[in-house]
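Notes to accompany the following structure.
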Number of protein chains: 2
Amino acid sequence: MSPAIDTRTKIVMAAMDLFWTKGFNSTSIADILSRTQLNAGSLYHVFPGKQDVLIAVLEAYRDGLYENLVDPAWEGVDDPVERIFALLARYRWLIVETDCTYGCPIGSLALELHEADPVVRDLLAVNFTGWVGAIRRCLDEAGERLPVDVDKQALAEFVLTTMEGGVMQARTHRDVAYFDRGVAALRDHFDMLLARAAQRPAMA
Amino acid sequence: MSPAIDTRTKIVMAAMDLFWTKGFNSTSIADILSRTQLNAGSLYHVFPGKQDVLIAVLEAYRDGLYENLVDPAWEGVDDPVERIFALLARYRWLIVETDCTYGCPIGSLALELHEADPVVRDLLAVNFTGWVGAIRRCLDEAGERLPVDVDKQALAEFVLTTMEGGVMQARTHRDVAYFDRGVAALRDHFDMLLARAAQRPAMA
DNA sequence: GAGCGAATTGAACGCTCGTTCAAGAACGGG
DNA sequence: CCCGTTCTTGAACGAGCGTTCAATTCGCTC
């Protein structure tokens, strides 16, 4: 294996962590270098500039969505609706684990980069789309348990909305309860949808 | 009127706009100075440092919540539930008006400032609390139209969640439709709650 | 209009940032 | 073992940042 690839991996992993905890603008190249024990030349040998590190980080999130986030959350959970809440529970765990300082890496970057160039913005959007796609699969699998007139794509996006909004409030107030109440409201929403579908089956 | 107050106002107004469009870290003191046609000394005569400008901006948002945001949105709307969606419609208008680059100033700052000091974080939280409080009033006013077992505080927070999540996705995808679908899902939620309350009145 | 504190001027400072690059080390095929 | 390529070293640079401050002007009071 080429050593440059190893260097690249080290940089991307360090940058993922730093961009997550400190944000993109507040993370300096020096931060990445001291974390990886590399020199500036090595980084610039692999990446043309700081923004290209960001792009690599966003690609890593995109490519690792299932491996690093979704599959672990769904382990041992088979019911498609419960899988949605299992994923949200994973975020709850992250919030608690970080003493309520957790912010969704993609969400934070999306709001921080106000005038992101098209490549970066596309990658942010693609990350959201991938996340929503995972939820969408659950909803499709739930099939007729949901009312037929429900827009499943919109509902999947609404799950992301709940997660991001809940994370934002939990972090700002330094209190998971804000996240929990958001998830509870979403649970109410699903309960009402499931009840409506059971009451008026698709056979009508 | 003391000239320093005028200077202060000019700085706060310019900073509100700049922090909103560029973010806090990406806005330089020089940006504020060129926007206000002031010199560095004048700014530092009024504010000890950049962070104090941020604090003043957050206080301005807090103090102007009703005057600048809520009251205009509610003009001509009397029904408490419709007022909630009127406020969301106001955000929709902001998104469209800014070509889908709009981000909620408070939400953006909340996610950008990863290690904000306590004063700043408190002000961010207070701004959220104020916004949620305005929604809460509507829900209280709606009274028995909502099921008695509904946690009105949590529901008000859920409205904020929907707004922030919708704004985030609309901006990232550069498409208001993401916001619209989030609001539509929230409307569904309210419709189901109202129907449930009508079905099983509080008199039980 | 003299006197004085408040407010403004704008050049300068020290620091950190992203980036560059000439020099050297490590590696691998023949 | 040699040579060309790939990768690393780390000092240096220029630009931009937040901040300072001695000098100056403004505006009010008596």
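Order of the sequence lines fixes the chain letters, A, B, ..., with proteins taken first and strands second; residue numbering starts at 1 for each chain.
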- Quiz item: cation-pi between B/Arg171 and B/Tyr102, 6.0 Å / 45°: no
- Item | Cation-pi geometry met for B/Lys50 and B/Phe24 (6.0 Å, 45°) | yes
- Can you check whether A/Thr7 has a side-chain N or O nearer than 4.0 Å to OP1 or OP2 of D/dC7? no
- C/dG10 phosphate, OP1 or OP2, under 4.0 Å from B/Asn39 side-chain N/O: yes
Could you tell me the separation between the [atom1] atom of [X] and the [atom2] atom of [N], rounded to a whole number of Å?
X	N	atom1	atom2	value
A/Asp6	C/dC27	CG	P	13 Å
B/Ile11	C/dA7	CD1	P	12 Å
A/Phe47	D/dC7	CZ	C1'	15 Å
A/Ile32	C/dT16	CD1	C1'	15 Å

- Judged by atom type as modelled, is there a donor-acceptor pair below 3.5 Å linking the side chain of B/Thr98 to the main-chain atoms of B/Ile95? yes
- Spell out, as yes or no, whether a donor-acceptor pair under 3.5 Å connects the side chain of B/Arg90 to the backbone of B/Ala73. no
- Between C/dT8, D/dG10, C/dT9, which nucleotide gets closest to the side-chain atoms of B/His45? C/dT8
- Message: Taking the ring centre of each residue, are B/Phe190 and B/Phe85 less than 6.0 Å apart?
- Response: yes
- Message: Under 6.0 Å between ring centres: does that hold for A/Phe158 and A/His189?
- Response: yes
- Item | B/S/- contact track for nucleotides 15-23 of chain D, protein heavy atom under 4.0 Å | --SSBBB--
